[in-house]
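These numbers were taken from a predicted model, which means no experiment stands behind them. Read the numbers this way: they start at 1 and go in the same order the structure lists the ligands and their atoms.
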Amino acid sequence: MSEEEDEIILSELDDNDLVQQMFDDLYDGLKEEIEEGVNILLERNWEPYRILTEALVGGMTIVGRDFRDGILFVPEVLLAANAMKGGMAILKPLLIETGAPRVGKMVIGTVKGDIHDIGKNLVGMMMEGAGFEVVDLGINNAVDAYIDTAKSEGADIVGMSALLTTTMPYMKVVIDTMVEQGIRDDYIVLVGGAPLNEEFGRAIGADAYCRDAAVAVETAKEFIARKHNQMAAG
Ligand code: B1M
């Protein structure tokens, strides 16, 4: 059989097979194929959020499992992350409504010592899509980056992301510094990242732990509504 006959034509696959193929392509770090897959699903009228969660996050979950089990290593995972970002870049403008009324402002960043940014980017995208203004601090943020930016931007929400058990305690450093400066109650503090849980969120004094990007949006909306109600009540 010739190489050409072996080649998989993504557009000829049905939805299920295409998503399975995208899992393989993400695993292999094939950015162009991921971008093509995303575009095909969009043409087939898949909602951007569905593509994000089912095809991209689904694929990254498999990568994460094999990374944990020592089957994949950092260079391969970096390629997978790069492919995922290619797909996310196509979806981003579609998830972000233009001209929607701003419902609040969030400063978000990955904490000091941590360079994982896919989840944080996803949360930022979803928040923007829900009408929030988002100031993205990027990765590896020390206390001052969060606090100075929250102050200068007049943010409502400070969002922190951590993917490592070694970096998640840094979230408490940020919150404790806010308490020391007497500004803790000026902001809604939301935290997230794979190793966290609700108990941890409570223990470090965050307002809420958010399991995923959709929960982050819902939680942010709830807290903003509460804040407005409190302000209205005087
Ligand atoms: Co890293 N890594 N990694 N890694 N990596 C994990 C986190 C790990 C669990 C893999 C494993 O062993 N199974 C493990 C951590 C173990 C632990 O701490 N217990 C690990 C490790 C060990 C490491 C290194 C130390 C490896 C090494 O160098 N030996 C190193 C650390 C570098 C550092 O940060 N200092 C490292 C490096 C890397 C890469 C650079 C190769 C790459 C990151 C690329 C990038 O982000 N640009 C990488 C990746 C990709 C992963 C995995 C495979 C995938 C993470 C991801 O993007 N998930 C990850 C395995 C895993 O998580 N299962 C792993 C997809 C993303 C959509 O999900 O980030 O969970 P997630 O975000 C979700 C929610 O958590 C939530 O919403 C998001 C969307 O639904 N959320 C928030 C996240 N942040 C939020 C903030 C909020 C709200 C919700 O604020 C309000």
- Can you name the one residue among Asp176, Asp207, Thr177 that meets side-chain hydrogen bond (donor to acceptor under 3.5 Å, both in side chains) with Arg184? Asp207
- Query: Does an N or O anywhere in Ala213 fall below 3.5 Å from an N or O of ligand 1?
  - Reply: yes
- Query: Would you say atom 9 (C) of ligand 1 touches the protein, meaning some protein heavy atom is under 4.0 Å from it?
  - Reply: no
- Check whether the side chains of Tyr170 and Asp114 place a donor and an acceptor atom closer than 3.5 Å, and report yes or no. no
- Could you say whether the N/O atoms of Thr165 and ligand 1 ever approach to under 3.5 Å? yes
- Protein non-hydrogen atom found under 4.0 Å from atom 24 (C) of ligand 1: no
- Query: Looking only at N/O atoms, are Leu78 and ligand 1 under 3.5 Å apart anywhere?
  - Reply: no
- Message: Less than 3.5 Å apart, any donor N or O on the side chain of Gln20 or Asp24 sitting next to an acceptor on the other?
- Response: no
- Task: Flag yes if more than 12 heavy atoms outside Gln181 fall under 6.0 Å of its CD atom; otherwise flag no.
- Result: yes
- Note on the structure: For Asp114, the atoms of ligand 1 under 4.0 Å from one of its heavy atoms are 34 (O)
- Task: Mark whether atom 59 (C) of ligand 1 lies under 4.0 angstrom from at least one protein heavy atom.
- Result: no
- Are Lys85 and Asp117 ion-paired here, with the side-chain N under 4.0 Å from a carboxylate O? yes
- Within 4.0 Å of some non-hydrogen atom of Leu190, the atoms of ligand 1 are 90 (O), 91 (C)
- Of the backbone atoms (N, CA, C, O) and the side-chain heavy atoms from C-beta on, which set of Ala194 has a member under 4.0 Å from an atom of ligand 1: side chain, backbone, both, or neither? both
- Query: When only distance counts, is Ile115 in polar contact with ligand 1, meaning an N/O pair under 3.5 Å?
  - Reply: yes
- Of all the N, O or S atoms in His116, the one nearest to atom 1 (Co) of ligand 1 is NE2
- Is Lys105 atom NZ crowded by more than 12 heavy atoms from other residues, nucleotides or ligands, each under 6.0 Å away? yes
- Task: From atom 75 (O) of ligand 1, work out which of Gly193, Ala220, Cys210, Gly119 has a heavy atom at the shortest distance.
- Result: Gly193
- Query: When you look for heavy atoms under 4.0 Å from ligand 1, do you find them on the side chain of Arg68, its backbone, both, or neither?
  - Reply: both
- Task: May I ask whether Lys85 places a heavy atom under 4.0 Å from ligand 1?
- Result: yes
- Query: Is the side chain of Thr149 donor-acceptor paired with the backbone N or O of Tyr146 at a distance under 3.5 Å, no angle test?
  - Reply: no
- Query: How far apart are the closest heavy atoms of Ala213 and Met126, and which atoms are they?
  - Reply: CB-CG, 3.6 Å
- Relative to ligand 1, is Val74 under 4.0 angstrom through side chain, backbone, both or neither, heavy atoms considered? both
- Message: Out of Thr53, Leu164, Thr110, who is nearest to atom 15 (C) of ligand 1 when you count heavy atoms only?
- Response: Leu164
- Ignoring hydrogens, tell whether any protein atom lies closer than 4.0 Å to atom 86 (C) of ligand 1; use the non-hydrogen atoms only. yes
- Nearest protein heavy atom to atom 61 (C) of ligand 1, by residue and atom, and its distance? Gly64 CA, 4.4 Å
- Task: State plainly whether the residues Lys120 and Asp136 are in salt-bridge range, i.e. N to O under 4.0 Å.
- Result: yes
- Residues, nucleotides or ligands: over 12 heavy atoms within 6.0 Å of Arg44 CZ: yes
